[in-house]
Every structure is written in C-alpha cells, then in structure tokens.
There are 2 protein chains.
Amino acid sequence: MVMNKAEKIVAKALEMFNERGIEYVSLRELATELGIRVGNITYYFPTKDDLVNRLAQDLSRLNEQIILQEPASLFSFLERFQKIFENHVQYRCLLLSFVHLMHQNKVLSEAYKETEKKRYLSIVTNLSSLQERGYLILEADRNFLVSVFSLTVRFWISEASLSFAHRSAAEQIRQYVTLLAKLLMPYATEKGQAEIRQFLVSLGH
Amino acid sequence: MVMNKAEKIVAKALEMFNERGIEYVSLRELATELGIRVGNITYYFPTKDDLVNRLAQDLSRLNEQIILQEPASLFSFLERFQKIFENHVQYRCLLLSFVHLMHQNKVLSEAYKETEKKRYLSIVTNLSSLQERGYLILEADRNFLVSVFSLTVRFWISEASLSFAHRSAAEQIRQYVTLLAKLLMPYATEKGQAEIRQFLVSLGH
DNA sequence: CACCATATTTGGACAATGTCCTAAACTTAC
DNA sequence: GTAAGTTTAGGACATTGTCCAAATATGGTG
C-alpha cells in the first residue's frame, strides 16, 4: 500500500492515540516514531487539532456509509450498530476524549453537530419505520428510547474502557450491542421479539 | 464561614474547574484568582492531581451518604438517583473528565474501583430487594438493567453538557432521572408502575 | 519580651508541550 | 540547467506542572 507523508502521519497518529490517548502523545513522540521532525508534522497539520480533525472526518465518513442505508428489518437495524461500534473501536481515541474535544475544538464540535443531527434523525425515523412495519410498539416512549440509544452509542466505549478493559474488543462490542437489543425487547411485537432473539443468537447467545 | 487556606484553594478550584474544565485551568490562573503564588498552592497540594483527588474524595463522601441508606420503596430508589445527580452537577468537572482521570490518575482510579464496586452492588441488591417486595419482575434482565443504569449514571452529565447545555441543571437532572424511571417501567409490577407514575408526577410530568 | 522551631510564602528554575518561523534541501516543470 | 514551488530541519517562544531554596510569618516557651 502506497502512502504519502500525510497519510503516514495520520496512520501512525491513530495508532499511538488509540494506544495511549490523544492528550498523552506529544507531537515530538509522534515525529520520533515516524523518523521525522516536529516541524515536518506541522507542515501537513498546522496544529494538533487539525490532525485530530482529520481523524474525526475519517470516522465520520465511515459511519455515514452505514447510517445512510435504510434498515430493512429490526435485525438489520441492530446489525448496523454493531458495524458502527466496530468503527468506534478503530477510532476509539476520539470517543474516549469525546467530551474534551467537543468543548475545546471548535471545528470538530461544529462538524459533530451535523453528524449528531443526522444520527438522531436516523434513529427516530428508523424506529418509526420499524413501528409501521410491525416490529415495534412505541407510543410515547419513542423519545425516551432515542435518548437511551444516543447515550449508549456515544459512551459505551468509555464505559467499556473503564470496566471491561481486560476483555477483547469483540467481546466489548458484543456486550453493548446485546444491551441495545435487550433495550428494545419490551417494545417489540411478537415478530420484533423473534428478530431480536435471532439477533442475539447470531451474537452467540 | 471560616475557611483555612487549603479549603479556600479547594473551593475556588472547584468553581473554576466546573466553569472551564480541569485541564483548561492552570495552577497559575487559580493562584492569580486567589491572590497567591503557584508555589503556595503546591505547598498544600504537591501536584494538580492531589487537588483533583481531594475534590473526588469530597464527592465520594457526599454520594456515600446517599447510597448507604436502603431504599424503602421504588419511589425512594429513584429519588436517590436524583440526589446523586445533584451531587454530580456540583462536582461536574470530575465527571466531564472522567475517562481521562481514570486512565491517568492512579490514586483516583484505585479509589474509584472501590466506589464502583459499592455502587454496582448497591444497585444489584436494591433491584433484588425491590423484586422481593413486589415492585419489579426481573428474571434474567437484572444484569442488563444494571449495565444500563451504570452507563447512564456515569455519563448522563457528559451527554447533557453536549446536547442540552442550554438547559438549566435542574432540567437536565429531571430529564435523566425521568429516563431511569421509564427504563424500569417494563419490568415493574402494577404496584411498581404506580410508584413510577407517582415519581414522574413528582417531577412535574 | 526574646528566642526558636515550625509553618507558610515567595520567586525563580526546570523540562516538556504546542505552535511558529526562517533557512536549507529537495522536486518538478519549462 | 534554472526558476518556482514543495518539503524538511532546526530552533525560538510562551505556557504548563513540578520542584526547590531562601525569606517571612506564626506560635509556643524560657
């Protein structure tokens, strides 16, 4: 695989940031690891935030591909979260520093507002459409469920890094996707419950 | 109110950390605000982490008082979370930097493991006892519910700071306590549902 | 009151960090 | 082969948390 300098910097930065946390990897360490000087990094990415923004953009693009598809069933609705969680693991440094980044990095927080709107709308319309197709019965609980889903999707990996760091990434994903599935159970029709059970089985339950 | 120097430092630090974030308030700014020198702060708190640990200890003590009481009913079980959330707001700087602090500050993360165990056990035993007293029917869902509760209690304020910063603290608390209450609804008996409804009414719903 | 031990405060030093800038080296196109 | 643009090197700068030795203040004892 051919990589230009900027791509090499991005790749190594992601690797080191994931390993030790964005705030705890200095540009000088990153430069040393790459065998270049600091000023060389700042040529491609004038500030550290610019480098982080690039990573965020990459993750955003990955997730957008998943969100854009309309889920055909409750099963595929849940499956999508599994894919999103896999992306989250790949860019976990961003999610673990989420709150800080949002409060400090203007560009990122503006960009995320858009992503957030899309995600929120996507969950709302998906839940509605799943109700119309006889998978769910939601009534007044829709907004409540969207809140729980938003919270979980945003912070599952932070929680996992604190409580289940000893487990593999795959097991962590499995745990929190299971959580989302079980969350829907009380609001599912017979047909919906069957799909949730099917999904849980596909996870190895 | 008489405060010695250490208490004055702690009080002003909490104020500034809550306002702008622990990582974005330098000891020099804190010192200037207090009309003293940096070295004077490090006399009482050798490192910034020591200062943060002190705040964490204070919050921990506040919460412990709440957790120790056995809840008499589902209503008082929910009421306790409201009190905990009020403490969280008072010490929000800690919760907003939660992931970082845990990964970087050894003393704090060790101390939190204990707190965490207590909280987990407290939720588990409380849910069991509520089931025995005919408020809930849990079966295999107990662990699942504990996970959702843990995640929500830990990160509600981070989510709120991102999505509902424009609302008052009271409204934010109300929203996420409501969420916890609604979460229990499908697992509540008639008697339990009545108490949840009563609790929601007490919140102004 | 005078003295001394302890507690507190000062002022500055230190290494590390993100950012910035200028000059040198290298590429590319004509 | 030279000129223009791109990339790299090397170092400067202000800021940060931490540390230290000297100066000052405090409080108890003879």
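Here is the naming used below: chain letters follow the sequence lines, and residue numbers restart at 1 for every chain. Bear in mind the structure is a predicted one, so any value in this text is a computation, not a measurement.
- For B/Tyr43, no side-chain nitrogen or oxygen approaches OP1 or OP2 of C/dT9 to under 4.0 Å.
- OP1 and OP2 of C/dA7 both lie 4.0 Å or more from every side-chain N or O belonging to B/Lys5.
- The distance from atom CG of A/Leu27 to atom C1' of D/dT15 is 15 Å, rounded to the nearest whole Å.
- Look at CG on A/Asp50: it is 14 Å from P on C/dG18, rounded to the nearest Å.
- Here the side chain of B/Asn40 is nearest to one of D/dC19, C/dT19, C/dT10, namely C/dT10.
- Annotation: of the two residues near DNA chain D, A/Tyr44 and A/Val38, the 5′-most nearest-nucleotide partner is A/Tyr44.
- Taking the nucleotide of DNA chain D with the nearest heavy atom to each of B/Ile22 and A/Thr42, the more 5' of the two is matched to A/Thr42.
- Whole-Å rounding puts the B/Ile41 CD1 to C/dA7 P distance at 21 Å.
- A side chain to side chain contact (heavy atoms under 4.5 Å, CB included) with A/Leu184 holds for exactly one of A/Tyr135, A/Phe199, A/Phe149; it is A/Phe149.
- A/Thr47 has no side-chain polar atom (N or O) that falls below the 4.0 Å cut-off from OP1 or OP2 of C/dG18.
- Position along DNA chain C of the nearest nucleotide to A/Pro46 versus A/Glu29 favours A/Glu29 as the more 5'-ward residue.
- Ring-centre distance between A/Phe17 and A/Tyr91: not below the 6.0 Å cut-off.
- Judged by distance alone, with hydrogens and angles left aside, the side-chain atoms of B/Glu7 form a donor-acceptor pair with the main-chain N or O of B/Asn4 at under 3.5 Å.
- Atom OH in B/Tyr24 sits roughly 15 Å away from atom C1' in D/dT15 (whole-Å rounding).
- One interatomic measurement links the two molecules: CZ of A/Arg20 to P of C/dA16, which rounds to 14 Å at whole-angstrom precision.
- Rounded to whole angstrom, the span from the CD atom of B/Gln104 across to the C1' atom of D/dT18 amounts to 14 Å.
- For the pair A/Arg28 CZ and C/dG18 P, the interatomic distance rounds to 7 Å; values are reported in whole Å.
- Of the inter-residue distances, the one linking A/Gln69 atom CD with A/Asn126 atom CG reads 10.5 Å to the nearest 0.5 angstrom.
- Rounded to an integer number of Å, the gap from A/Glu23 CD to C/dA16 P is 20 Å.
- Residues A/Thr47 and A/Thr42 are not in side-chain contact: their nearest non-hydrogen atoms beyond the backbone lie 4.5 Å or more apart.
- Among C/dG18, C/dT10, D/dT16, the nucleotide with an atom closest to any side-chain atom of B/Arg37 is C/dT10.
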